[in-house]
2 protein chains.
Amino acid sequence: MLLRNNLAANIRRIRRERGLSQEAFAAEVGIHRTYATMLESRKRNPTIDVIERIMKALNLEVGDLLGPPPNR
Amino acid sequence: MLLRNNLAANIRRIRRERGLSQEAFAAEVGIHRTYATMLESRKRNPTIDVIERIMKALNLEVGDLLGPPPNR
DNA sequence: ATGTGACTTCGAGTCCGTG
DNA sequence: GCACGGACTCGAAGTCACA
């Protein structure tokens with residue numbers, strides 16, 4: 001399993017758990033709306049600074065974002 | 001604590017635990033010698049693909065690399 | 001509200017070397 | 001063996017128009 005895929009799945013899952021649209025999520029994190037879309041579709045290869053901003057904005061641990069997503 | 005700092009400390013710690021030089025470590029992971037130096041000195045902002053290559057090369061979990069380093 | 005292609009700028013990542 | 005530097009390429013960051 002690729003880290004990039006874990007990230008995509010975890011973002012989408014957590015974002016929906018919290019009832020956020022991609023736009024609201026992007027605003028929280030401080031990234032562009034379209035960039036958020038691209039992360040969820042595994043089209044980009046983000047740096048750890050971006051990962052960090054997501055973690056801080058959503059109060060997450062690294063495992064929550066990059067670990068294997070719960071299989072559902 | 002910044003993710004970039006965790007990474008730097010964890011790489012250096014694990015690399016030394018395994019008795020690898022920076023050069024040997026870089027060769028294992030498949031990155032450049034000088035880039036390995038820069039990661040350990042927190043001078044660069046790697047992508048998650050690089051993180052992944054380090055994890056796979058050294059058989060690590062995300063928490064081992066990006067989590068808070070053991071305080072010793 | 002989500003997704004895509006295209007664009008510019010700047011830094012990720014490599015390669016040469018030095019002390 | 002490690003830190004640091006300059007010069008280079010290409011891809012990530014960040015944005016937009018449009019569907």
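All chains are named by letter (A, B, ...) in the order of the sequence lines, taking the proteins before the strands, and each is independently numbered beginning at 1.
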Excluding sequence neighbours, so at least two apart, what forms side chain to side chain contact (heavy atoms under 4.5 Å, CB included) with B/A26? B/I31, B/A36
Please find the pair of heavy atoms, one from A/L3 and one from B/I48, that lie closest to each other, and give the distance. CD2-O, 3.7 Å
Under 4.0 Å, heavy atoms only, any strand: does B/R15 hit a base, just the sugar-phosphate, or nothing? sugar-phosphate
Does some side-chain heavy atom of A/L39 sit less than 4.5 Å from a side-chain heavy atom of A/I54? yes
Considering residues at least two apart in sequence or located in another chain, which fulfil the side chain to side chain donor-acceptor pair (under 3.5 Å) criterion with A/R16? none
Tell me, please, the opening and closing nucleotides of DNA chain C, 5' to 3', among those with an atom under 4.0 angstrom from a non-hydrogen atom of chain B. C/dA12 to C/dG17
Mind checking side chain to side chain donor-acceptor pair (under 3.5 Å) for A/T37 and listing every partner two or more places apart, or none if nothing turns up? A/Q22
Only counting residues at least two apart or in another chain, list the ones meeting side chain to side chain donor-acceptor pair (under 3.5 Å) with A/T34. none
Sorted by chain and number, sequence neighbours left out, salt bridge (charged side-chain N to carboxylate O under 4.0 Å, His left out) with A/R4 holds for B/D49
Pairing residues for A/R13 by the salt bridge (charged side-chain N to carboxylate O under 4.0 Å, His left out) criterion, not counting sequence neighbours: A/E17
Taking five pairs at each end, how big is the angle between the two axes of the helix from C/dT2-D/dA19 to C/dG19-D/dC2, to 10°? 40°
So which of residues 16-23 of chain B are in contact with DNA chain C, with a heavy-atom cut-off of under 4.0 Å? none
Determine which pairs satisfy salt bridge (Lys or Arg N to Asp or Glu O under 4.0 Å) with at least one residue from residues 36-47 of chain A, sequence neighbours left out, and list them in order. A/R12-A/E40, A/R15-A/E40
Answer yes or no: is there a side-chain heavy-atom contact under 4.5 Å between B/L7 and B/I51? yes
What string of B, S and - do you get for nucleotides 12-19 of chain D, 5' to 3', when a contact is any protein heavy atom under 4.0 Å? SBBBBBB-
Could you tell me if the side chain of A/I14 sits less than 4.5 Å from the side chain of A/F25, heavy atoms only? no
Inter- and intrachain pairs under side chain to side chain donor-acceptor pair (under 3.5 Å), touching residues 50-66 of chain A, at least two apart: A/E52-A/K56
